[in-house]
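First up is the structure itself, then whatever we jot down about it.
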Amino acid sequence: MKGKTLLIAIGTNQHCSKNMKQAKMLLCEYMEDIRFTEAMSTKAIGIRGKNFLNALAKGTTTDSHEAVNSKLKDIEKTCGNTDEKRQKGLIEMDLDILEYGGKRYHEKDWQREYIVKLLKELEK
């Protein structure tokens, strides 16, 4: 079975270096062909809180969209994410599917300056 292209947005504003490293390690265990952009510091959007460390990841998967989303939520929890922390603007890890099998998600995110910049890095 041919894999579907997967593009993931990665973001954290708590224990940024540690959480980014852990998320990347767990994503590497999940997808063999995954590659990452450099991490970039950005201001929080839509919440009060510290700056974020953001990156993008791209790879392929044979899992369904639902299975991928479930796996990403598991990784978020492993990095220490909870609903209670999120409500306070403390984001240990946020993993969002931006693209799955050619279909785009989170349309507003595609316009964000850091996403546009990081996408160019993936195209190199």
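All values below were derived from every heavy atom in this structure, side-chain atoms included, with hydrogens, water molecules and symmetry-related copies excluded. As the structure is a prediction and not an experimental result, all values here were calculated from the model. Residues take their numbers from the sequence shown, with the count starting at 1.
- Taking both residues in full, the closest heavy atoms of A9 and I115 are given as CB-CD1, 4.5 Å, listed atom of the first, atom of the second, then distance.
- Scored by the side-chain contact (heavy atoms from CB on, under 4.5 Å) test, L90 finds Q14, K85, K88 as partners (sequence neighbours excluded).
- Within the 4.5 Å cutoff, no side-chain heavy atoms of Q111 are placed close to those of V116.
- The structure places CG of N19 at 12.0 Å from CD1 of I75, a figure rounded to the nearest 0.5 Å.
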Before giving the answer on side-chain contact (heavy atoms from CB on, under 4.5 Å), spell out for T62 and K4 the whole-Å C-alpha distance, their side-chain angles and the decisive distance to 0.1 Å. CA-CA 6 Å; T62 55; K4 297 199 183 279; over 6 Å; no
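- Contact of the V68 side chain with the L72 side chain is registered, since non-hydrogen atoms from C-beta on lie closer than 4.5 Å.
- Residues M31 and I8 meet the side-chain proximity criterion, which asks for heavy atoms closer than 4.5 Å.
- How far CG of L98 is from NE2 of H106: 6.5 Å, rounded to the nearest 0.5 Å.
- Across every non-hydrogen atom of A39 and A55, the tightest pair is CA-CB, 4.2 Å.
- At distances below 3.5 Å, at least one donor-acceptor pair connects side-chain atoms of R35 with backbone N or O atoms of L122.
- D94 and R86 are joined by a salt bridge, as a carboxylate oxygen and a charged side-chain nitrogen come within less than 4.0 angstrom of each other.
- Taking every heavy atom of both residues into account, G11 and N54 meet most closely at CA-ND2, 3.6 Å.
- A salt bridge links K73 with E76: the closest approach of a Lys/Arg side-chain nitrogen to an acidic carboxylate oxygen falls below 4.0 angstrom.
- When side chains are defined from C-beta on, I97 does not count as touching L7, because their heavy atoms never get closer than 4.5 Å.
- Counting heavy atoms from C-beta on, the side chains of L56 and I10 never come closer than 4.5 Å.
- The one candidate from E92, Q22, K21 that meets the side chain to side chain donor-acceptor pair (under 3.5 Å) condition with H15 is E92.
- Remark: E107 CD is packed, more than 12 non-hydrogen atoms of other residues, nucleotides or ligands lying under 6.0 Å away.
- Scored by the side-chain contact (heavy atoms from CB on, under 4.5 Å) test, C16 finds T12, L53 as partners (sequence neighbours excluded).
- One finds the CD atom of E29 at 11.5 Å from the CD1 atom of I34 (value rounded to the nearest 0.5 Å).
- Taking every heavy atom of both residues into account, N13 and K50 meet most closely at O-CE, 3.2 Å.
- A salt bridge between K71 and D74 is absent, with no side-chain N of the basic residue lying under 4.0 Å from a carboxylate O of the acidic one.
- A distance of 9.0 Å separates CG of L6 from CD of E99, quoted to the nearest 0.5 Å.
- Side-chain atoms of T5 and K58, non-hydrogen and from C-beta on, do get closer than 4.5 Å to each other.
- Clustering ILVMFWY residues whenever any of their side-chain heavy atoms sit less than 4.5 angstrom apart, transitively, puts Y114 in the very cluster that holds L119.
- In this structure, the side-chain hydrogen bond (donor to acceptor under 3.5 Å, both in side chains) partners of Y30, at least two apart in sequence or on a different chain, are D63.
- Atoms OH and OG1, on Y100 and T61 in that order, are 6.5 Å from each other to the nearest 0.5 Å.
- Counting heavy atoms from C-beta on, the side chains of R112 and W110 never come closer than 4.5 Å.
- Around atom NZ of K117, no more than 12 heavy atoms belonging to other residues, nucleotides or ligands sit under 6.0 Å away.
- Taking 4.5 Å as the limit, some side-chain heavy atom of I91 sits within range of a side-chain heavy atom of F52.
- Without hydrogens or angle criteria, D33 side chain to T60 main chain gives a donor-acceptor distance under 3.5 Å.
- With values rounded to the nearest 0.5 angstrom, S70 atom OG is found 12.0 Å from H65 atom NE2.
- At most 12 non-hydrogen atoms from other residues, nucleotides or ligands lie less than 6.0 angstrom from CD of E32.
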